[in-house]
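Atoms within a ligand are numbered from 1 in the order they appear, just like the ligands themselves.
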Amino acid sequence: MAPTPVIMDVDTGIDDAFALMLAVRHPEVELRAVTCVGGNTGVDQVVANTCYVLDAAGAGEIPLARGASAPLLVLPADAGRFHGGDGLGGFSRQSDRRIDRRPAIELLRHELSAAVATGEPITVVATAPLTNIALLLRAHPEVAAGIERLIFMGGSAGSGNVTAAAEHNVFHDPEAAAITLAAARDLAVPTTMYGLDVFGQVLVDRSDADRLAAYLDPACQLAAALIRARCTLLDVDAITIGDAGTICAVADPEGLTTHPYPVRVETGFGYARGQTTVDRRESPVDRVRLPGHLPPTVVDVAEHVDARGYADLWVRTLLG
Ligand code: RIB
Ligand code: CA
């Protein structure tokens, strides 16, 4: 089987870094391009972090572009800096990696238009706020035919993490998430929601960090340092590889169980702003007319994950 072509849209943070390492290293994944967006930290720091992580992972000359620096409408009240001042737990370092002169949506348009022309669609994996993806699909709807599947880390069928209702990536830019889902519906882009229902289950611990630290490989060293630092900071014995689960799902689709549900995003300014409403009712028909009624998008919502299998896949792949 040829490896799956993938473009990643990231806000490199610690778990985005784990996802990038896996995408570079796994033989079933061909990382074609990376685009950056503000989220865990400012977009220029995201670009710097991403360059450094790609260097550590030994990536070749992969096109990398800077995208949106702010959400489409409003910057969220401090969405929290969970990833340390530089977004990478203080481990970010200088990189000489070339950054594409084009803005992110131009790089995305170029790569996906080529995919349309060759008839080889690309899997787009977004592990960040969906600002770039929303702008792309609104400005260039014709590229949707070049997307094999959109897999986004975001949302939740249950509680949130940054608020009781909302998950961080969607909370950071709810309008972008709503526009992305609406465009996916209208342009028939198959979409997987890798949300909080599975996000926190794929865990690595200090013993995994010790195994990684035993290898002088830069990615293993960085991964081990990040695991240890997070465990110490959070006073826990294990941490989630988070975003990296989306790339595990590309490499091992059998490890993720999804179910198609109608999904909407709350873009109001109440307590539920940024909530993804996953409609699990037997007959998901609204019996009342909703204000500003927008049809939902049927999304493949991740419900179960082979947590141990994905954690092992991630560690084994980094260890080579
Ligand atoms: O809610 C988890 C998401 O927020 C992850 O993508 C993490 O990197 C942060 O961006
Ligand atoms: Ca992220």
Side-chain angles (χ1 to χ4, degrees), residues 6-23 34-43 45-50 52-54 67-71 75-89 91-92 104 124-133 150-174 176-177 180 192-204 222-223 226-227 229-230 233-234 239-249 265 273-276 301-302 305 310 314:
V6 166
I7 294 177
M8 292 179 70
D9 189 70
V10 298
D11 63 337
T12 310
I14 291 169
D15 57 331
D16 304 74
F18 292 161
L20 285 162
M21 292 173 188
L22 183 63
V34 182
T35 50
C36 299
V37 65
N40 282 320
T41 187
V43 66
Q45 187 63 51
V46 171
V47 170
N49 293 348
T50 304
Y52 173 58
V53 172
L54 290 174
S69 56
L75 200 62
D78 179 18
R81 290 276 180 267
F82 305 114
H83 299 254
D86 65 0
L88 206 54
F91 290 94
S92 195
V124 175
V125 178
T127 61
L130 289 162
T131 317
N132 289 339
I133 308 302
L150 167 65
I151 302 175
F152 73 98
M153 190 281 126
S156 167
S159 299
N161 53 8
V162 288
T163 70
E167 176 279 323
H168 174 258
N169 288 333
V170 176
F171 178 77
H172 190 86
D173 197 343
T180 297
T192 298
M193 179 174 116
Y194 188 92
L196 295 182
D197 317 281
V198 293
F199 173 85
Q201 296 177 25
V202 186
L203 300 174
V204 288
L222 177 58
L226 289 171
I227 293 168
R230 293 295 281 172
L233 179 72
L234 302 175
I239 60 159
T240 176
I241 62 171
D243 290 334
T246 59
I247 302 296
C248 292
V265 179
R273 177 166 171 79
Q275 181 176 30
T276 49
V301 177
V305 64
Y310 276 12
W314 183 77

Is there a side-chain contact between Phe199 and Asp243 (heavy atoms, below 4.5 Å)? yes
For ligand 1, indicate whether the residue Val162 contacts it via side chain, backbone, both or neither (heavy-atom separation under 4.0 Å). neither
Taking only non-hydrogen atoms of Met153 and a 4.0 Å limit, the atoms of ligand 1 in range are 2 (C), 3 (C), 5 (C), 6 (O)
Please name the residue in the list Asn49, Thr41, Thr50 that meets the side-chain hydrogen bond (donor to acceptor under 3.5 Å, both in side chains) test with Thr12. Thr50
Which of the numbered atoms in ligand 1 are below 4.0 angstrom from a heavy atom of Asp15? 5 (C), 7 (C), 8 (O)
Which one holds for Thr127 and ligand 1: side chain close, backbone close, both close, or neither close, with close meaning a heavy atom under 4.0 Å? backbone
Going by the order shown, which atoms of ligand 1 are within less than 4.0 Å of some heavy atom of Asn161? 1 (O), 2 (C)
Kindly report the OD1-the Ca ion (ligand 2)-OD2 angle for Asp11 and Asp243 respectively, rounded to 10°. 140°
One finds that the ligand 1 atoms under 4.0 Å from a non-hydrogen atom of Asp243 are 5 (C), 6 (O), 7 (C), 8 (O)
Angle at the Ca ion (ligand 2), OD1 of Asp16 to O of Thr127, rounded to 10 degrees, please. 130°
Among Val6, Asp15, Thr127, side chain to side chain contact (heavy atoms under 4.5 Å, CB included) partner for Thr246: Thr127
Can you check whether Val124's main-chain N or O pairs, donor with acceptor, with Asp9's side chain at less than 3.5 Å? no
So the atoms of ligand 1 within less than 4.0 Å of a heavy atom of Glu167 turn out to be 1 (O), 2 (C), 3 (C), 4 (O)
Is it the side chain, the backbone, both or neither of Asp11 that has a heavy atom closer than 4.0 Å to ligand 1? side chain
Does Met21 reach the side chain of Leu222, with side-chain heavy atoms less than 4.5 Å apart? yes
Are any non-hydrogen side-chain atoms of Leu196 and Ser159 less than 4.5 angstrom apart? no
Less than 4.5 Å apart, side chain to side chain, heavy atoms only: is that true for Asn169 and Met153? yes
Where on His168 is there a heavy atom closer than 4.0 Å to ligand 1, on the side chain, on the backbone, on both, or on neither? both
I'd like to know if the side chain of Asp16 and the backbone of Val10 have a donor-acceptor N/O pair within less than 3.5 Å. no
